[in-house]
Structure formats: structure tokens, C-alpha cells
There are 2 protein chains.
Amino acid sequence: MTERNSSKAQAITSEVRRRIVDREWRQGDRIPDEAELAVEFGVARATVNKALQMLAEEGLLDRKRRAGTHVTVNPARKAVLTIPIVREQIEQAGMEYSHRVVAQRRSPLPAEIAARMSLPEGCELIHLRTVHYGDDKPFQAEDRWINPAAAPGAEAVDFQRITANEWLVRNFPWLHADMAFSAENASARDARLLETRQGTALLILTRTTFNDLGAITSVRVAFHPGYAMIATH
Amino acid sequence: MTERNSSKAQAITSEVRRRIVDREWRQGDRIPDEAELAVEFGVARATVNKALQMLAEEGLLDRKRRAGTHVTVNPARKAVLTIPIVREQIEQAGMEYSHRVVAQRRSPLPAEIAARMSLPEGCELIHLRTVHYGDDKPFQAEDRWINPAAAPGAEAVDFQRITANEWLVRNFPWLHADMAFSAENASARDARLLETRQGTALLILTRTTFNDLGAITSVRVAFHPGYAMIATH
DNA sequence: TGCCAAAATAAGTTTAGACATAGAGTTGAA
DNA sequence: TTCAACTCTATGTCTAAACTTATTTTGGCA
């Protein structure tokens with residue numbers, strides 16, 4: 001049996017994965033039930049259960065009470081993205097981090113962002129525009145709206161000293177987040193902030209986070225040209 | 001205690017999450033150990049363990065043996081992306097799916113893709129270019145290389161009838177995948193295939209999958225302009 | 001003081017056993 | 001034939017107890 005973590009459950013996931021990859025168990029096949037596998041591997045049923053649940057979460061197995069466990073027919077590919085704190089990301093790459101607050105004021109909320117945040121259009125939020133640099137080269141430009149109703153104290157913070165992201169993450173953990181990746185041609189402003197040409201394709205991440213008081217913040221991050229967001233599975 | 005799934009472990013994760021969001025337990029704080037929480041919630045320690053492990057995976061808690069469980073200071077945001085099978089995605093949106101194989105031939109592998117697949121440059125793979133349509137409007141253009149050494153039988157498949165993705169997914173489950181999102185200005189070819197203007201910003205997904213025989217396939221998917229990849233947490 | 005070994009502790013894992021529950025399969029009445 | 005009611009089974013969940021292991025703390029010794 002292929003080992004992995006010295007843990008029995010991990011060893012079982014590896015072995016089951018191997019059987020699937022080697023097509024001993026084919027897509028759609030029903031695999032032996034937990035009790036049988038427990039006997040085969042010489043472990044308790046709870047251990048087999050843990051292993052199979054991991055593989056089900058990964059999307060390799062479909063499990064249903066009474067119907068048993070089947071190898072997923074068309075496994076959808078799931079990928080876990082880790083969106084790091086900008087500063088940490090830049091410092092980890094061995095570059096020197098700096099950032100510049102381009103604008104900070106109260107402004108009435110545009111319709112599009114109001115919809116994302118489930119707030120009435122035109123209500124006043126804190127609007128913040130920041131550029132983050134690695135070794136003085138623009139890394140990402142962020143355009144952020146902060147809801148002081150869900151994040152009290154935001155108005156008194158000096159966002160030159162601490163980034164909005166870090167302050168928010170540290171002070172207002174969220175319950176739920178919406179996220180989307182898209183591509184946009186750099187606007188004149190994007191181009192200026194990221195020191196590139198207008199029209200250049202930029203990877204855009206928009207993210208809105210909520211806690212029990214409603215939307216905390218909505219941010220549009222434009223990455224520098226050529227940036228790639230990595231995910232693994 | 002906030003309920004969620006009728007399961008005790010879920011109820012505990014909800015309650016712990018609430019305490020963190022409501023700042024009863026602050027970032028960096030050490031929370032009571034499993035035994036104490038088990039007494040407080042009136043459950044077995046294993047149940048508390050399961051609940052806290054879920055929150056640790058989510059990134060809300062840091063756990064170390066002997067040192068205890070702490071609320072994560074700078075939680076990195078993790079998001080799970082589900083990359084659906086194109087056809088299913090289009091049909092789910094209520095559109096009619098169709099696809100067109102633009103080119104299919106054996107070609108020597110370009111350097112960049114060879115590197116991604118850990119194969120020698122110039123070795124011959126199956127090169128496939130396909131456009132996927134929803135209601136006859138281009139949805140995505142894919143440029144795929146298939147390694148017949150890791151996916152035997154690929155040369156005999158009629159990719160007009162079944163998409164390469166579906167055939168591969170059904171026949172060659174993978175062990176590991178590399179994925180990246182980026183943005184590119186549409187090349188002349190991209191523009192023609194996606195019926196848009198050259199230079200338009202396109203969301204690009206590149207994905208390479210591996211099994212125990214090596215790289216199975218490497219694909220570059222260009223989505224139609226304006227497409228957004230959604231993730232939630 | 002500084003260093004190393006031993007003790008203590010909190011999480012990690014496993015087990016056997018129990019009960020819960022979804023849902024496929026079967027039966028019987030209309 | 002059809003459908004509702006029931007049965008049965010594989011997974012889902014929980015428990016109490018034990019053992020393992022990483023890591024911190026402590027205390028002895030040089």
C-alpha cells in the first residue's frame with residue numbers, strides 16, 4: 001500500500017486513489033463498502049470512513065447512503081486558490097514591499113458595487129484606491145469600498161501605515177465572501193497606476209466580504225500585466 | 001449555539017466561527033483546548049477535534065500539538081474553484097452546446113509546453129484546437145496537447161463526437177494538476193475563433209494534469225470576452 | 001549562566017461499538 | 001398497474017477510551 005503521511009487513513013486514500021488511477025476501479029463502478037474495506041485493510045470502519053470522505057470531498061468518489069460508494073463519472077475539477085496578503089506575497093518573493101494610497105474619501109456608492117454589496121445605491125462609503133509595489137514596480141492596483149457600518153473604526157485608520165486589507169482581515173473576520181476572476185483591458189487609470197499601456201490585458205479579481213452586519217468591503221484588484229494566479233490540486 | 005447541519009460538529013464550527021467573528025476570541029488568542037470545549041459543549045473530544053480541524057482547514061484557526069489552538073492572525077483567503085465540464089456548464093445555463101474541432105494533428109512540442117509537461121522539447125504529441133459554443137456563440141477556445149504515452153488510445157478517438165476533456169476525464173483520472181489563471185490580449189487567432197477583436201482582454205486558464213505515467217495533457221483555455229470565473233467561500 | 005534531558009501537555013489518530021438516517025428495494029393493497 | 005408503506009442496508013455521526021507524537025516547560029547539572 002502506498003504510504004503518505006504515516007497515517008492509516010492517508011495510506012488508504014493513496015491506495016484507493018491508485019486503484020482508481022490504475023483503473024482497477026473504473027468510473028461508475030461501485031466499490032466495496034466500508035465494512036469490507038475495513039477488513040481488507042485491517043482497520044476500523046471509522047478509519048475507512050475518514051479516508052473515503054476525503055476522496056469524496058476531492059470529487060473522486062460519490063457516496064450515498066444505502067447506494068454505496070461509486071467512482072465519480074465526470075469528476076469536476078476542483079482547485080483551491082490561496083489569495084495571500086499582498087505584502088506577504090511580495091516579501092516572500094524576496095522583493096521590498098511598498099504601497100501608495102492614491103485616493104481616500106467618502107463617496108456615494110455606484111450602482112454596480114452597491115448591487116454586489118447589497119447596499120442602497122448612492123449611500124456613502126469609504127472609497128480607497130491603492131497601488132502595491134514590489135521593489136518599486138507596480139504589483140497590483142486596488143479599488144476598494146469599505147462599509148463603516150460593518151467595519152466601525154475604518155474612518156479613523158491611517159491606511160498609509162497599514163494596508164486596508166491587513167487592517168480589515170485582522171479586525172473583521174468574515175463569514176462569507178464572493179469572488180470572481182476576469183480579464184479587462186487596462187483603462188487609462190489602470191495603465192497609469194500599473195505603469196503600462198492602455199488596453200493591456202489585466203487579470204482582475206473582485207471580492208466582496210460579508211459578516212453578520214452585512215457587506216464589509218468590496219474590492220477590485222488589477223494585477224500587473226503577465227501576472228498568473230496559481231492553483232494546485 | 002447556532003445550528004447548521006443538525007450535526008454536532010457543524011454546530012460547534014458555527015459557534016466557534018461566531019465567537020471569532022464577534023471578537024469574543026480575537027486574532028492571536030489561544031482558545032480553550034479540546035477537552036475543555038468538549039465539556040462545555042457536552043460532546044466527546046473527537047467531535048470537538050473534527051469541528052476544529054474543519055476550521056483549521058478553512059484557515060481560521062492555527063493548531064499545534066502542545067501549543068494549543070489559536071485564532072489565525074492573518075488568515076489567507078482560500079477559495080475553492082470548481083472548473084466544470086464545458087458542455088455541462090453551457091447546458092446548465094440553458095444554452096445549446098456545440099463544438100468544433102479546428103485542428104487535430106501530431107506536432108512537435110513547443111518548448112514552453114514541454115517544460116510544463118516535463119517532457120523533452122520537440123517530441124511528438126497530439127495537438128488539438130477546439131472551440132466550444134453556447135447557442136452558436138463562442139464560449140471558449142481550447143488549445144490542447146495530449147500525451148499518448150500517458151493516455152493510450154487517444155489517437156484513435158474521434159474528438160468531433162466526444163470532447164477531449166470528457167474523454168480524458170472519463171478514461172484517465174489524474175493524480176495531480178497544475179493550474180494558472182492569467183489575462184492575455186487576444187491574438188489574431190484567438191480573435192477569429194472567439195469572434196472578437198484582436199487585443200481584447202481574455203481570461204486564460206492553463207492546466208496540466210499528471211498521472212503515474214507522467215503528463216497526460218496540457219491545455220490553454222481562452223474564455224470569451226467578459227467571462228468571469230466565480231468562486232465562493 | 002547555559003545546556004540537555006525528562007516531564008507534561010495538547011493535538012493527532014485509531015478503535016469498537018452504538019445509533020441515526022437516507023434512500024433503494026420489496027411488498028401488498030387499491 | 002401503480003403507488004404507498006415498509007424493510008433493509010451502507011453511509012453518517014457520535015462516544016469513550018487508549019495510544020502516539022510534536023512541542024513546550026521545567027529542572028537538574030555543569
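Sequence lines set the chain letters: A, B, ... in the order given, protein chains first and strands last, and positions in each chain run from 1.
The residue among Ala46(B) and Asp33(B) whose nearest nucleotide of DNA chain C is located toward the 5' end is Asp33(B).
Annotation: side chain of Pro75(A) is not in contact with side chain of Glu58(A) (no heavy-atom distance under 4.5 Å). For the pair Asp62(B)/Val73(B), no side-chain contact is recorded, criterion being any heavy-atom separation below 4.5 Å from C-beta on. Residues Val86(B) and His99(B) form no side-chain contact, since every pair of their non-hydrogen atoms from C-beta on lies 4.5 Å or further apart.
Contact between the side-chain N/O atoms of Ser7(A) and the OP1/OP2 oxygens of dG12(C) is not found at any separation under 4.0 Å. Between Asn49(B) and dA11(C) there is no side-chain polar atom (N or O) within less than 4.0 angstrom of OP1 or OP2. Applying the 4.0 Å criterion to OP1 and OP2 of dT13(D), one finds that Lys50(A) has every side-chain N and O outside that range. For the OP1/OP2 pair of dA17(D) and a distance below 4.0 Å, the side-chain nitrogens and oxygens of Arg45(B) include no atom meeting the criterion.
Atom CZ in Arg30(B) sits about 14 Å away from atom P in dT23(D), given to the nearest Å. Between Lys8(A) atom NZ and dT21(D) atom P the separation is 12 Å, expressed in whole Å. The interatomic distance linking Leu52(A) (CG) with dT13(D) (P) rounds to 13 Å, in whole Å. Atom CD1 of Ile31(A) is separated from atom C1' of dA10(D) by 12 Å (rounded to the nearest Å). Rounded to an integer number of Å, the gap from CG of Leu37(B) to C1' of dA10(C) is 12 Å.
Thr217(B) places a side-chain N or O within donor-acceptor distance of the main-chain N or O of Trp145(B), the cut-off being under 3.5 Å.
For the segment residues 53-70 of chain B, residues with any heavy atom less than 4.0 angstrom from an atom of DNA chain D are, sorted by number, Arg65(B), Arg66(B).
At a cut-off of 3.5 Å, with distance as the only test, no side-chain donor of Thr130(B) or Arg144(B) sits close to an acceptor on the other residue. In summary, the side chains of Arg220(A) and Thr206(A) do not present any donor paired with an acceptor at a separation below 3.5 Å, with no hydrogens or angles considered.
Trp25(B) is linked by a ring pair (Phe, Tyr, Trp, His ring centres under 6.0 Å) to nothing, counting only residues two or more places apart in sequence or in another chain.
Within the 4.0 angstrom heavy-atom criterion, no nucleotide atom of any strand lies near Ala35(A).
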